[in-house]
Peer 1: 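Quick one: the structure is below, questions incoming.
Read the numbers this way: they start at 1 and go in the same order the structure lists the ligands and their atoms.
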Amino acid sequence: MGKSLAINAGSSTLKFKLFQMPEESVIAEGAIDRIGLGNSLVEIKYGDGEKYKTTQDVNDHKEAIQLMLDQLTKLEIITDFNEITGIGHRVVAGGEEFKDSAVIDDDVLQKIKDLAEYAPLHNPAAAMGIEAFKKILPNVLSVAVFDTSFHTSMPEVNYMYSIPYEYYEKFGARKYGAHGTSHRYVANRAAAMLGKPLKDLKLITMHIGAGGSITAIKDGKSYDTSMGFTPLAGIEMATRSGDIDASLVAYLMEKLNIDKPSDMINILNKKSGLVGVSGVSADMRELEAVQDKNHRAKLARDMFINRIVRYVGAYLAELGGADAIVFTAGVGENDIMIRQEVADKLTYFGIGVDPEKNNIRGVERDLSVAGSKIKTLLIPTDEELMIVRDIERLRK
Ligand SMILES: Nc1ncnc2c1ncn2[C@@H]1O[C@H](COP(=O)(O)OP(=O)(O)O)[C@@H](O)[C@H]1O
Ligand SMILES: CC(=O)OP(=O)(O)O
Ligand SMILES: [Mg+2]
């Protein structure tokens, strides 16, 4: 059936995976990390365990896309772009309209651009990727897979903000959530690991990477989630503030003489979170390396853990218990200590992580201590696999 390419434009990353279909085997995968942050890391794995790795400045997603296209041909991963028979793009914001993935035509592309304010760090980058591939492969099936689709099942009691109702009707002011493709993937894997149908399960999935969100899943569907109108809300993130009092935004704009709301939002999106509190780094690994001698690094990390615990506690109350909690994404898959510390703070609920089982990175595993009332699962996410599956589903 040919090769399918999944493109995942994160806030500061561009990831891709090239699959041989229908086998779903990975031919090559790569990531450009730290886009716009200086010293960007470019890493591509291909062939028989071969690896291309370099550090260079990549200033924006446009440069990242060009670099990726150049390397795909230079490394002879792709000799002719016509080998590709499907392209899937991760798009964060799909608003209320995109309840499912969609084949991209001019109208869909325009809507993705129009939703830029719903995901300012993400949708413009996704639109760039879509346009770049449209130029190279105008006739190949191209599909958008929206982070928000999985969350369109949320009941209004959870997605409404308590502001004048007409702002929802006029401007779409409501919670949309994000990372839905990841929450959907790990929820399905959790059901397989627990040996039960997903529709019978209550889960709390913790996607904690550079961006992070926690989702409450009821009857197998998204019931509530920590991100909001945009991916700025919820837990503390690498560079994003997460939840804060809206009055503080207006107060700080006055104190800092900021006139443009978008400049203030930029501070909350890019200069806050782990990097803002610590003054050291947005990367959890770098905070952990210095936390013993740097109070603010430790504080940033402690706040990160605290916000996660708070959301899990809230969602356990909303759901009336859960079958399992799930760790995924960069921090969730790799940070052994954070998993342990989060679980240790949740023992009241019958959650417990076995330190020996937990001493692992990036594999599917039940981490629970024997007899835990609520299981704790480690499940590496695979948004790209979901994307190429959706290409095939929509081809029919
Ligand atoms: N070994 C590790 N220990 C702790 N944190 C890690 C480790 N590896 C990666 N991370 C964290 O994961 C983050 C990236 O997560 P990821 O989910 O890949 O990002 P994105 O949100 O851009 O998709 C990094 O910023 C870093 O903080
Ligand atoms: C929505 C979001 O925050 O995505 P990412 O974590 O990839 O930046
Ligand atoms: Mg991500």
Peer 1: For ligand 2, which atoms, with element, lie under 4.0 Å from some heavy atom of Arg90?
Peer 2: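 So the answer, numbered in order with elements, is 1 (C), 2 (C), 4 (O), 5 (P), 7 (O).
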
Peer 1: If I apply the N/O under 3.5 Å rule, does His207 come out as touching ligand 2?
Peer 2: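 No: no nitrogen or oxygen of His207 is under 3.5 Å from one in ligand 2.
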
Peer 1: Report the C-alpha distance between Lys218 and Asp224 in whole Å, list the side-chain angles of each, state the deciding distance to 0.1 Å, and finish with yes or no for salt bridge (charged side-chain N to carboxylate O under 4.0 Å, His left out).
Peer 2: CA-CA 9 Å; Lys218 193 177 179 177; Asp224 204 352; over 6 Å; no

Peer 1: Indicate yes or no: does Asp382 engage Arg189 in a salt bridge with an N to O separation below 4.0 Å.
Peer 2: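 Judged by the 4.0 Å cut-off on N to carboxylate O distance, Asp382 and Arg189 do not form a salt bridge.
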
Peer 1: Please check if atom CD in Glu117 has more than 12 non-hydrogen atoms from other residues, nucleotides or ligands closer than 6.0 Å.
Peer 2: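 It does not: Glu117 CD has 12 such atoms or fewer within range.
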
Peer 1: For the rings on Tyr118 and Tyr176, is their centre-to-centre separation under 6.0 Å?
Peer 2: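 That pair passes the under 6.0 Å test.
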
Peer 1: Give the numbers and elements of all ligand 2 atoms closer than 4.0 Å to a heavy atom of Gly10.
Peer 2: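 So the atoms of ligand 2 that pass are 7 (O).
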
Peer 1: Just to check, does Ala329 reach to within less than 4.0 Å of ligand 1 when the distance is taken from its heavy atoms?
Peer 2: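 Under 4.0 Å: yes for Ala329.
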
Peer 1: For ligand 1, is there an N or O atom under 3.5 Å from any N or O atom of Gly209?
Peer 2: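 It does not: no N or O of Gly209 is found under 3.5 Å from an N or O of ligand 1.
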
Peer 1: Among protein heavy atoms, which sits nearest to atom 18 (O) of ligand 1, and what does the distance come to when rounded to 0.1 Å?
Peer 2: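 Of the protein heavy atoms, Lys15 NZ, 3.0 Å lies nearest.
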
Peer 1: Heavy-atom contacts with Asp283 under 4.0 Å: which atoms of ligand 1 show up? List them by number with element.
Peer 2: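 What qualifies from ligand 1 is 26 (C), 27 (O).
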
Peer 1: Nearest protein heavy-atom contact for atom 2 (C) of ligand 2: which residue, which atom, what distance?
Peer 2: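 The answer is His179 NE2, 3.1 Å.
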
Peer 1: Please check whether His122 reaches ligand 2 - meaning an N/O of the residue sits under 3.5 Å from an N/O of the ligand, judged on distance alone.
Peer 2: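 Yes, there is a polar N/O contact under 3.5 Å.
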
Peer 1: Between Tyr168 and Tyr165, what is the ring plane arrangement, given parallel below 30°, perpendicular above 60°, and tilted in between?
Peer 2: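 Perpendicular: the ring planes of Tyr168 and Tyr165 meet at over 60°.
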
Peer 1: Measure the distance from atom 10 (N) of ligand 1 to every protein heavy atom, then report the residue, atom name and distance (to 0.1 Å) of the closest one.
Peer 2: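 Looking at atom 10 (N) of ligand 1, the protein heavy atom closest to it is Gly330 O, 3.7 Å.
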
Peer 1: Report yes or no: does Met237 have a heavy atom closer than 4.0 Å to ligand 2?
Peer 2: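 No heavy atom of Met237 comes that close to ligand 2.
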
Peer 1: Note the single closest protein heavy atom to atom 4 (C) of ligand 1, along with its residue, its atom name and the distance in Å.
Peer 2: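 In this structure, atom 4 (C) of ligand 1 has Asp335 OD2, 3.3 Å as its nearest protein heavy atom.
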
Peer 1: For residues Val353 and Ala343, report the shortest heavy-atom separation together with the two atoms involved.
Peer 2: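 Looks like CG2-CB, 3.4 Å.
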
Peer 1: Could you tell me which atoms of ligand 2, counted from 1 in the order shown, lie closer than 4.0 angstrom to a heavy atom of Gly211?
Peer 2: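 By the 4.0 Å cutoff, the relevant atoms are 3 (O), 6 (O).
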
Peer 1: Of all the non-hydrogen atoms in the protein, which one sits nearest to atom 11 (C) of ligand 1, and at what distance?
Peer 2: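 Going by distance alone, atom 11 (C) of ligand 1 is nearest to Val331 CG2, 3.6 Å.
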
Peer 1: Quick check on contacts: which atoms of ligand 1 are under 4.0 angstrom from a heavy atom of Thr13?
Peer 2: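 Close to Thr13: 22 (O).
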
Peer 1: What protein heavy atom sits nearest atom 1 (N) of ligand 1, and how far off is it?
Peer 2: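 For this ligand atom, the closest protein heavy atom is Asn334 CB, 3.4 Å.
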
Peer 1: Which atoms of ligand 2 are found less than 4.0 Å from any heavy atom of Met227?
Peer 2: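 Near Met227, the atoms of ligand 2 are 3 (O).
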
Peer 1: When you look for heavy atoms under 4.0 Å from ligand 2, do you find them on the side chain of Ser11, its backbone, both, or neither?
Peer 2: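 Answer for Ser11: both.
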
Peer 1: Which residue and atom name correspond to the protein heavy atom nearest atom 3 (O) of ligand 2, and how close is it?
Peer 2: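 Residue, atom and distance for the closest contact: Arg240 NH1, 2.7 Å.
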
Peer 1: Around atom 9 (C) of ligand 1, find the nearest protein heavy atom and jot down its residue, atom name and distance.
Peer 2: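 Closest protein heavy atom to atom 9 (C) of ligand 1: Arg285 CZ, 3.4 Å.
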
Peer 1: Counting neighbours of CD on Glu356 that are heavy atoms of other residues, nucleotides or ligands and sit closer than 6.0 Å, is the number greater than 12?
Peer 2: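 Counting other residues, nucleotides and ligands, CD of Glu356 stays at 12 neighbours or fewer.
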
Peer 1: What protein heavy atom sits nearest atom 13 (C) of ligand 1, and how far off is it?
Peer 2: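 That would be Ala210 N, 3.9 Å.
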
Peer 1: Out of the candidates Thr13, Thr55, Ile35, only one should pair with Leu41 under the side chain to side chain contact (heavy atoms under 4.5 Å, CB included) rule; please name it.
Peer 2: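 Among the candidates, only Thr55 passes.
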
Peer 1: Give a yes or no on whether a salt bridge exists between Lys357 and Asp366, defined as a side-chain N under 4.0 angstrom from a carboxylate O.
Peer 2: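 Looking at Lys357 and Asp366, the cut-off is not met.
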
Peer 1: For Gly211, counting its heavy atoms only, list the atoms of ligand 1 lying under 4.0 Å from any of them.
Peer 2: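 Here the atoms of ligand 1 in question are 21 (O).
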
Peer 1: So, is the end of the Arg174 side chain (NZ or CZ) under 6.0 Å from the ring centre of Tyr159 and within 45° of the ring's axis?
Peer 2: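 So Arg174 does make the cation-pi contact.
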
Peer 1: Counting only N and O atoms by type, is there a donor-acceptor contact under 3.5 Å from the side chain of Tyr161 to the main-chain atoms of Phe229?
Peer 2: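 Checked: pair present.
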
Peer 1: If you measure every N or O of Met284 against every N or O of ligand 1, does any of those distances drop under 3.5 Å?
Peer 2: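 Looking only at distances, the answer is yes, because the N/O contact criterion of under 3.5 Å is met.
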
